[in-house]
Amino acid sequence: MIKKFIFGSILFLSLGIANAQVSSVGATNVVINLNDNPAWSRVFVTDRPTVSNSMSGTPFINNDWQLADIVVSDDKGEIKAVPCRIDAKANLIEINQGGVVKVLHSMNTKSIAFKTTNEVFITNKTLGIPDPVGFYKVIYDSKSSLLCYYSTKTIEGAYNPVLDAGIKEDKLVVEKTYYIFRDGKLTRLENKRGKLVKQFSDQPEIAEYIKENRITPNEELDLMKLITFIDSKS
């Protein structure tokens with residue numbers, strides 16, 4: 001189970017999401033005094049555009065700006081109700097403050113809670129592990145935790161000039177990898193049912209549960225059922 005002190009602030013932020021009253025993601029009526037908030041000392045101004053360019057694909061987990069509350073690592077405080085999005089390639093949070101894009105790296109981030117989707121993300125630093133570096137969505141948290149790690153890959157275009165067929169440009173896509181976090185250990189879950197069954201071959205009850213319930217490893221609801229079952233057996 002992820003340590004309680006990590007999720008104290010996360011759960012508080014999540015519970016408060018339903019009560020948030022914000023007119024739009026681009027709202028500018030949120031007053032932030034940079035001098036009074038030490039959390040902003042970890043945020044840097046960049047020349048990144050606020051609108052994605054014409055490249056194929058995107059490095060963002062969610063391309064749209066969404067209001068979020070950010071808890072900065074090392075007890076540096078909170079940044080509340082700012083338009084954000086997570087770059088899974090560069091492992092950073094983009095913050096849109098009045099049309100100026102600022103960035104906060106994952107190594108300086110403890111958690112980010114999005115108000116609209118109620119999604120909470122933490123980082124490898126929060127988990128106390130060296131890698132994979134970046135952001136993990138918290139899907140389930142009890143004795144074990146189910147996490148979704150986000151990364152990117154480039155799919156190269158395949159174009160035949162003779163036939164004038166295919167795709168000329170490369171495409172950047174965001175990938176998901178699911179993990180169990182338990183007793184301070186992060187374990188990657190196999191992404192095929194057959195391989196997932198073999199992964200738990202030393203635990204026959206779990207392997208049989210995967211087969212009988214036809215658990216699909218890339219379906220979050222199925223994985224939640226699996227982790228709940230695993231926790232019930234321990």
Side-chain angles (χ1 to χ4, degrees), residues 1-11 13-14 59-62 71 73-74 86-93 105-114 117-155 172-234:
M1 180 178 68
I2 296 176
K3 296 178 181 178
K4 290 183 179 179
F5 79 87
I6 293 175
F7 278 92
S9 56
I10 296 175
L11 293 175
L13 293 174
S14 299
F60 300 106
I61 295 174
N62 294 300
V71 179
S73 64
D74 301 327
I86 298 174
D87 185 328
K89 182 179 181 182
N91 293 322
L92 53 80
I93 300 170
H105 198 274
S106 62
M107 67 180 181
N108 293 322
T109 305
K110 189 172 186 178
S111 68
I112 175 169
F114 288 98
T117 61
N118 289 357
E119 293 176 322
V120 175
F121 293 79
I122 57 176
T123 66
N124 61 295
K125 184 172 182 178
T126 313
L127 295 170
I129 57 175
D131 55 68
V133 175
F135 292 90
Y136 300 74
K137 182 173 71 173
V138 181
I139 302 169
Y140 168 95
D141 182 46
S142 185
K143 295 178 183 178
S144 305
S145 298
L146 176 63
L147 307 173
C148 179
Y149 174 71
Y150 290 83
S151 59
T152 61
K153 73 173 183 180
T154 300
I155 299 176
L172 185 68
V173 297
V174 175
E175 286 195 313
K176 299 179 180 180
T177 306
Y178 293 96
Y179 289 89
I180 294 177
F181 186 74
R182 186 181 178 91
D183 299 326
K185 181 182 178 182
L186 190 70
T187 303
R188 183 179 66 84
L189 294 172
E190 295 289 349
N191 60 5
K192 300 293 183 183
R193 184 182 298 132
K195 290 183 177 180
L196 189 63
V197 170
K198 290 182 179 179
Q199 186 174 7
F200 290 96
S201 59
D202 61 335
Q203 302 175 69
E205 278 188 291
I206 297 175
E208 191 61 29
Y209 180 88
I210 295 170
K211 289 189 288 186
E212 288 185 354
N213 292 272
R214 299 185 63 78
I215 296 298
T216 303
N218 58 1
E219 292 289 340
E220 292 185 2
L221 287 177
D222 276 11
L223 290 177
M224 287 178 65
K225 293 177 185 176
L226 175 60
I227 303 303
T228 302
F229 179 78
I230 291 173
D231 277 357
S232 72
K233 297 300 177 181
S234 59

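The CD1 atom of Ile122 sits 8.5 Å away from the OG atom of Ser111 when rounded to the nearest 0.5 Å. One finds the CD1 atom of Ile93 at 5.5 Å from the CD1 atom of Ile86 (value rounded to the nearest 0.5 Å). For the atom pair Leu92 CG and Thr123 OG1, the distance stands at 12.5 Å (nearest 0.5 Å). Rounded to the nearest 0.5 angstrom, Phe200 CZ and Lys211 NZ are separated by 13.5 Å. Rounded to the nearest 0.5 angstrom, Lys176 NZ and Glu220 CD are separated by 5.0 Å. Note that NZ of Lys195 and CD1 of Ile210 are 14.5 Å apart. Values are rounded to the nearest 0.5 Å.
Taking the side chain as every heavy atom from C-beta outward, Tyr178 and Arg188 never approach each other to under 4.5 Å. The shortest side-chain heavy-atom distance between Val138 and Phe181 does not fall under the 4.5 Å cut-off. At a threshold of 4.5 Å between non-hydrogen side-chain atoms, the residues Phe121 and Ile61 count as touching. Within the 4.5 Å cutoff, side-chain heavy atoms of Leu189 are placed close to those of Leu196. Counting heavy atoms from C-beta outward, Asn124 and Ile129 have side chains that approach closer than 4.5 Å.
The two residues Phe135 and Tyr149 come nearest to each other via the heavy atoms O-CD1, 3.5 Å. Closest approach of Pro59 and Asp87 over heavy atoms only: CB-OD1, 3.4 Å.
Of the residues listed (Thr177, Leu186, Leu146), the one engaging Tyr136 in a side chain to side chain contact (heavy atoms under 4.5 Å, CB included) is Leu186, and it is the only one.
Judged by distance alone, with hydrogens and angles left aside, the side-chain atoms of Thr126 form a donor-acceptor pair with the main-chain N or O of Lys110 at under 3.5 Å. Here the side chain of Asp131 pairs no donor or acceptor atom with the backbone of Val133 at under 3.5 angstrom.
Counted by atom type alone, Ser106 and Thr109 present zero donor-acceptor pairs between their side chains at under 3.5 Å.
By the salt bridge (charged side-chain N to carboxylate O under 4.0 Å, His left out) test, Asp74 is found to be paired with Arg42, Lys125, residues two or more places apart in sequence or in another chain being considered.
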Give the table of side-chain donor-acceptor pairs shorter than 3.5 Å for residues 221-234, with sequence neighbours excluded, one pair per line with atom names and distance.
| from | atom 1 | to | atom 2 | distance (Å) |
| --- | --- | --- | --- | --- |
| Asp222 | OD2 | Thr216 | N | 2.9 |
| Thr228 | OG1 | Met224 | O | 2.7 |
| Asp231 | OD1 | Ser144 | N | 3.2 |
| Asp231 | OD1 | Ser144 | OG | 2.7 |
| Asp231 | OD1 | Arg182 | NH1 | 3.1 |
| Asp231 | OD2 | Tyr140 | OH | 2.9 |
| Asp231 | OD2 | Lys143 | N | 3.3 |
| Asp231 | OD2 | Ser144 | N | 3.1 |
| Ser232 | OG | Phe229 | O | 2.5 |
| Lys233 | NZ | Glu205 | OE2 | 3.4 |
| Ser234 | OG | Arg182 | NH2 | 2.8 |
| Ser234 | OG | Asp231 | O | 3.1 |

